[in-house]
Amino acid sequence: MVKAMKNHSVVPEFILLGLSADPQTQALLFVLFLVIYLLTLMGNLVMLLVIKADSHLHTPMYFFLGQLSFLDLCHSSVTVPKMLENLLSEKKTISVEGCLAQVFFVFATGGTESCLLAVMAYDRYVAISSPLLYGQVMSNQLCIGLVWGSWGLAFLDAFINILVALNLDFCEAQNIHHFSCELPSLYPLSCSDVSASFTALLCSSLLHFFGNFLLIFLSYVRILSTILSISSTTGRSKAFSTCSSHLTAVIFFYGSGLLRYLMPNSGSTQELIFSLQYSVITPMLNPLIYSLKNKEVKAAMRRMLKKCF
């Protein structure tokens with residue numbers, strides 16, 4: 001793969017222009033994003049530890065939540081360490097090979113998270129519509145299969161896109177108006193025809209991300225229908241509360257991710273904000289969303305703290 005990239009690339013490296021050219025602003029941004037990254041690592045590691053340690057959380061819902069925490073660790077670690085390095089260094093470069101590797105792993109981890117959010121929506125639908133059969137329907141075998149399927153589909157999607165992108169030639173332009181490598185950011189730099197790569201990206205976005213979004217939407221239509229059929233207000237409130245954390249995570253991830261990839265690539269402030277939202281901010285917020293709005297997680301944390309102290 002590396003050999004193929006060298007044969008097709010005259011430019012050996014790209015320059016990530018990042019978020020600001022002002023040294024003082026860069027120093028402030030470094031501190032800010034270092035804190036965010038450390039909170040992301042701590043929050044998601046704590047979620048993984050609590051879910052693994054507490055037997056009350058050994059259910060399909062928390063199995064998927066543990067997978068989401070692991071994914072958030074991976075997704076943020078693909079881009080944030082390089083961004084932090086560039087904020088401190090004068091030479092903000094990344095090799096063509098490194099850039100394409102980053103594109104691959106952004107695609108793979110983001111795609112897996114997209115699939116997993118759809119799986120979690122289905123899990124919530126089964127829990128609300130068929131609570132008595134929930135344990136039978138969401139068996140361990142099915143849960144593990146859904147997670148492996150999510151990883152497999154996302155990595156296949158990423159592999160196809162990066163395979164097509166290997167044919168791009170980069171001859172003169174080096175500046176990427178972004179803090180990380182994303183496939184749309186590479187198109188303006190290419191001196192060859194990008195239509196094949198753009199078509200592959202468009203098709204995968206439609207099939208993968210919009211497909212998963214459609215599954216989530218349909219699951220919530222059925223969930224809403226079931227909740228509205230519940231006679232008691234308390235019952236409706238309890239049923240909806242089990243979905244609120246997941247729905248919040250979906251809005252954060254899909255809202256920013258879809259807007260980023262639907263926008264024309266211009267290096268605009270809005271584009272950078274949307275990219276920061278789904279690749280840096282959302283992985284930090286997910287543990288907070290699921291812990292602050294979830295009584296079972298808060299109770300498990302209290303039990304763990306009592307054991308520790």
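Computed from a prediction, not measured in an experiment: that's the story for all the values here.
- Side-chain contact between S279 and V106 is absent, with no heavy-atom pair separated by less than 4.5 Å.
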Given side-chain contact (heavy atoms from CB on, under 4.5 Å), test L68 with L65 step by step and report yes or no. CA-CA 5 Å; L68 181 66; L65 181 54; 4.2 Å; yes
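- The closest donor-acceptor contact from the side chain of S190 to the backbone of D169 lies under 3.5 Å.
- Residues D123 and V126 form no side-chain contact, since every pair of their non-hydrogen atoms from C-beta on lies 4.5 Å or further apart.
- For the pair N44 and P287, the tightest heavy-atom approach, listed with the atom from each and the gap, is OD1-CG, 3.2 Å.
- Atom CZ of F70 has 12 or fewer neighbouring heavy atoms from other residues, nucleotides or ligands inside a 6.0 Å radius.
- Taking the side chain as every heavy atom from C-beta outward, V31 and L28 never approach each other to under 4.5 Å.
- Distance check, rounded to the nearest 0.5 Å: NZ of K52 to CG of D54 gives 13.0 Å.
- Using modelled atom types, one side-chain atom of S129 and one backbone atom of Y125 make a donor-acceptor pair closer than 3.5 Å.
- Here I176 contributes atom CD1 and I94 contributes atom CD1; the two are 7.0 Å apart, rounded to the nearest 0.5 Å.
- Side-chain contact check for N286 versus F252: every heavy-atom pair is 4.5 Å or farther apart.
- The distance from atom CZ of R222 to atom CG of L224, rounded to the nearest 0.5 Å, is 12.0 Å.
- A continuous path of Ile, Leu, Val, Met, Phe, Trp and Tyr side chains, each step under 4.5 Å between heavy atoms, connects L45 with L288, placing both in one hydrophobic cluster.
- Ring-centre distance between H246 and Y220: below the 6.0 Å cut-off.
- A donor and an acceptor atom, one from each side chain of Y254 and S114, are located under 3.5 Å apart.
- Annotation: the span from M284 atom CE to I289 atom CD1 amounts to 9.5 Å, rounded to 0.5 Å.
- Between atom CG of residue D157 and atom CG of residue L207 there is a gap of 8.5 Å, rounded to the nearest 0.5 Å.
- Considering only residues two or more places apart in sequence or on other chains, K92 meets the salt bridge (Lys or Arg N to Asp or Glu O under 4.0 Å) condition with none of them.
- C203 meets the disulfide (SG to SG under 2.5 Å) test with no other residue; sequence neighbours excluded.
- In terms of hydrophobic clustering, with Ile, Leu, Val, Met, Phe, Trp and Tyr side chains grouped at heavy-atom distances under 4.5 Å, L214 and L116 are assigned to different clusters.
- Ring-plane geometry between F198 and Y187 is classed as perpendicular, the angle between the planes exceeding 60 degrees on a 0 to 90 degree scale with a lower cut at 30.
- Heavy atoms only, all atoms of each residue included: Y290 and M120 are closest at OH-CE, 3.4 Å.
- Across V164 and A200, no two heavy atoms sit closer than the pair CG2-CB, 4.3 Å.
- Side chain of H58 to main chain of A53: no donor-acceptor pair is present (N/O by atom type, distance under 3.5 Å, no hydrogens or angles).
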Under the side-chain contact (heavy atoms from CB on, under 4.5 Å) criterion, do L88 and L84 qualify, and how do the steps go? CA-CA 7 Å; L88 287 182; L84 292 173; over 6 Å; no
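- Side-chain atoms of F105 and T79, non-hydrogen and from C-beta on, never get closer than 4.5 Å to each other.
- Ring-centre distance between F155 and F104: below the 6.0 Å cut-off.
- Between L186 and F14 the shortest side-chain heavy-atom distance falls below 4.5 Å.
- Hydrophobic clustering (ILVMFWY, side-chain heavy atoms < 4.5 Å, transitive): M61 and V46 are in one cluster.
- In terms of heavy atoms, G66 sits closest to L48 at O-CD2, 3.1 Å.
- Taking each heavy atom of L100 and I162 in turn, the nearest pair found is O-CD1, 3.2 Å.
- A donor and an acceptor atom, one from each side chain of S77 and Y37, are located under 3.5 Å apart.
- Heavy atoms only, all atoms of each residue included: L57 and Y62 are closest at O-CB, 3.0 Å.
- Residues M83 and S180 fail the side-chain proximity criterion, which asks for heavy atoms closer than 4.5 Å.
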If you apply the rule side-chain contact (heavy atoms from CB on, under 4.5 Å), what do you find for E13 with C99, and how did you get there? CA-CA 8 Å; E13 59 188 17; C99 190; over 6 Å; no
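- One hydrophobic cluster holds both L32 and L276 under the rule that ILVMFWY side chains link at heavy-atom gaps under 4.5 Å.
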Would L71 and Q67 count as a side-chain contact (heavy atoms from CB on, under 4.5 Å) here? Give the steps. CA-CA 6 Å; L71 261 174; Q67 293 294 319; 5.7 Å; no
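- Using a 4.5 Å cut-off between side-chain heavy atoms of Ile, Leu, Val, Met, Phe, Trp and Tyr, with links allowed through other members, L228 and I223 fall into different hydrophobic clusters.
- From R124, atom CZ reaches atom CG of L247 across 12.5 Å, with rounding to the nearest 0.5 Å.
- Remark: side-chain polar atoms of S192 are not paired, donor with acceptor, to backbone N or O of L168 under 3.5 angstrom.
- Between L201 and S205 the shortest side-chain heavy-atom distance falls below 4.5 Å.
- Panel note: side chain H178, backbone L17; no donor-acceptor pair is recorded below 3.5 Å.
- Looking only at distances, a side-chain donor or acceptor of T248 sits under 3.5 Å from a matching main-chain atom of S244.
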